Amino acid sequence: MVVERTLLAARQGDVQTLKVQLAEKVLNSDVKDVLGATPVHHAARAGKLTCLRYLVEEAGLPANSLARNGASPAHDAAATGNLTCLQWLVTHRGCRAADKDSSGATILHLASRFSHHEIIDWLLKSGEGDPTVATDTGALPVHYAAAKGDLPSLRLLLEHSPQVVNYQTKNGATPLYLACQEGHLEVVQYLVKDCGAEPSIRANDGMTPLHAAAQMGHNTVIVWLMSFTEISLSDRDNDGATAMHFAASRGHAKVLSWLLLHGGEIVTDSWGGTPLHDASENGELECCQILVVNGVDLGIRDQDGFSAADLAEYNGHQQCAKYLRTVENMKTSPLTYEYNCGPICLNTKQRGSGRRTGCGDYVRVVASWREEVYESRSWAHPVPAASHEASPDAEDLHMPGQRPRSPMSLHDPSYLETGT
């Protein structure tokens, strides 16, 4: 109870309460929250400079103590944008701007991550901050600014150190890649036009900025990249996937339609799967419909022998499976119709060579299915958490859980919520 009162007093700047606790000898360096943050951390993150100075100068608490995640009070001040507290800690009380927390982040990383450009400006002009220092994952402050879409901070960082514009993290992401992934068009334009960022640089898995934008459904970024850079729709990642595979896997119907309209080709990846395989595997019915209308071959099987309909059934996406089986049946002879509508055995089913229906039939099927399922299906596609992992079933097939991939993450998103 005493600890909670002390930490609350530090956050509120209640010096009188702290004086009473010091007199009662309950205010000391052992007072910490469950994450190891001291009253000095709490005062710094709350921007209470008078209280901060009292705790250090009068109560004798260390100004550079570390929480469990390796963060000093200066890290907290930078993360919360409290410039005066940060300046006092760095210039007078032994906290160093170069000090890193347990993830390798300096105070400049945190100021960039949380868009505190006044702190960035002071760190760069004073010489305290080094924008070329990387975290344990290889991220520079410029990566955080680009991912956040923070153009003012990005300008400060690149005007100071223009050589880092194409710097890659350990997983190969450039600032441009992250800006495309997060859909920050203005940042993308600035990086390419004003800073010379190279759109052809690939991440370690072979993904380009175009792939990242397609995976996350950022159509305006895709249109700009295709209009003003040399990037190509035919570019493939290390698994042979194109932008269409990534768009289809996440259910980005508008992106998929645009790619098809502007020259995107329906091709197979290194596993033998088409974008239809990705869409059906992830239950993205509208993308399945778009691909069918655009003439995808439903009979294509991947290297494990699975068609798109097989993958939909295997992963429990019954609406996709029913739709694809209906379209398949329109292309088979009457003798095979009953068999194909019933339960299937993935190891034994055989295809007929019946009549191929015309384009008008496909359109009618799509139209009827839109009416049937639209009311019962949500078309929102939330971004998975960064800790997303493949399901156990991923071991049984070559791709379940592989696409959609989780977007590249630079940090633990709960830095402030966990205390420091």
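Just so it is clear, the model here is predicted, and its values are computed rather than measured.
Between Cys195 and Leu158, the shortest heavy-atom contact is SG-CD1, 3.7 Å. In plain terms, the two heavy atoms of Thr106 and Ala97 that are nearest each other are CB-O, 3.6 Å. The minimum heavy-atom distance linking Ala213 with Val221 is given by the pair CB-CG1, 3.9 Å. Contact between Leu89 and Ala44 at its shortest, heavy atoms only, is CD1-CB, 4.1 Å. A pairwise comparison of heavy atoms in His116 and Thr80 identifies NE2-C, 3.4 Å as the closest pair. Of all the heavy atoms in Ala10 and His42, the pair that sits closest is CB-CB, 4.2 Å.
In this structure the side chain of Thr174 reaches within 4.5 angstrom of the side chain of Tyr177, judged on heavy atoms. The shortest side-chain heavy-atom distance between Ile120 and Ser112 falls under the 4.5 Å cut-off. Side-chain atoms of Pro131 and Leu108, non-hydrogen and from C-beta on, do get closer than 4.5 Å to each other. With contacts defined as side-chain heavy-atom distances shorter than 4.5 Å, the pair Val192/Leu176 qualifies. Arg236 places a side-chain heavy atom less than 4.5 Å from the side chain of Val267. Using a 4.5 Å heavy-atom threshold, the side chains of Val3 and Val31 count as touching. The closest side-chain heavy-atom distance from Asp235 to Leu210 is not below 4.5 Å. Between Cys287 and Pro275 there is no side-chain heavy-atom pair separated by less than 4.5 Å.
Counting only residues at least two apart or in different chains, ring-ring contact (aromatic ring centres under 6.0 Å, His included) contacts with residues 195-238 comprise His211-Phe246, Trp224-Phe228. Within the structure, side-chain hydrogen bond (donor to acceptor under 3.5 Å, both in side chains) pairs that include any residue of residues 156-170 comprise Thr169-Asn171 (at least two apart or interchain).
Interatomic distance, CG of Asp99 versus CD1 of Ile107, reported as 8.5 Å (0.5 Å rounding). Note that CD1 of Ile266 and NE2 of His245 are 9.5 Å apart. Values are rounded to the nearest 0.5 Å. In this structure, Phe114 CZ and Ile119 CD1 are separated by 11.5 Å, a value rounded to the nearest 0.5 Å. Annotation: the span from Leu110 atom CG to Leu86 atom CG amounts to 10.0 Å, rounded to 0.5 Å. One finds the CD atom of Gln319 at 6.5 Å from the CG atom of Leu285 (value rounded to the nearest 0.5 Å). Separation of atoms CD1 (Ile290) and CE (Met244) is listed at 9.5 Å; rounding is to 0.5 Å.
A donor and an acceptor atom, one from each side chain of His109 and Asp101, are nowhere located under 3.5 Å apart.
Between Glu128 and Arg96 there is no salt bridge, since no side-chain N of the basic residue sits under 4.0 Å from a carboxylate O of the acidic one. Salt bridge Arg155/Asp121: absent, no basic N to carboxylate O contact under 4.0 Å.
With hydrogens and angles disregarded, no donor-acceptor distance shorter than 3.5 Å links the side chain of Asn315 to the backbone of His317. Here the side chain of Glu198 pairs a donor or acceptor atom with the backbone of Ser200 at under 3.5 angstrom. Side chain of His41 to backbone of Thr38: a donor-acceptor contact under 3.5 angstrom is found. Side-chain atoms of Arg68 come within 3.5 Å of backbone atoms of Val34 as a donor-acceptor pair (strictly under, hydrogens ignored). Between the side chain of Asp304 and the backbone N or O of Phe306 there is no donor-acceptor pair closer than 3.5 Å. Judged by distance alone, the side chain of Asp130 and the main-chain N or O of Thr132 form a donor-acceptor pair under 3.5 Å. Side-chain N or O atoms of Asp310 include one that pairs as donor or acceptor with a backbone N or O of Ser307 at under 3.5 Å. Although no hydrogens or angles enter the test, the distance criterion places no donor-acceptor pair under 3.5 Å between the side chain of His262 and the main chain of Leu233. No donor-acceptor pair closer than 3.5 Å links the side chain of His75 to the backbone N or O of Leu66. Side-chain N or O atoms of Ser280 include one that pairs as donor or acceptor with a backbone N or O of His277 at under 3.5 Å.
Residue Gln189 is tested with Leu185, Leu191, Val187 for a side chain to side chain contact (heavy atoms under 4.5 Å, CB included); the sole match is Leu185.
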Assess whether side chain to side chain contact (heavy atoms under 4.5 Å, CB included) is satisfied between Leu259 and Ile222, documenting all intermediate values.
CA-CA 9 Å; Leu259 294 172; Ile222 294 170; 4.1 Å; yes

Chi angles and distances behind the side chain to side chain contact (heavy atoms under 4.5 Å, CB included) call for Leu311, Asp302:
CA-CA 10 Å; Leu311 289 177; Asp302 62 23; 4.2 Å; yes

For Gln12 and Lys48: C-alpha separation, side-chain torsions, deciding distance, then whether side chain to side chain contact (heavy atoms under 4.5 Å, CB included) applies.
CA-CA 7 Å; Gln12 294 179 341; Lys48 305 299 183 181; 5.6 Å; no

What's the verdict on side chain to side chain contact (heavy atoms under 4.5 Å, CB included) for Thr274 and Asp297, showing C-alpha distance, side-chain angles and the deciding distance?
CA-CA 9 Å; Thr274 66; Asp297 185 351; over 6 Å; no

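For Lys148, the NZ atom is densely surrounded, since the number of other residues' heavy atoms within 6.0 Å is greater than 12.
The aromatic rings of His92 and Trp88 sit tilted relative to each other, their planes meeting at an angle between 30° and 60°.
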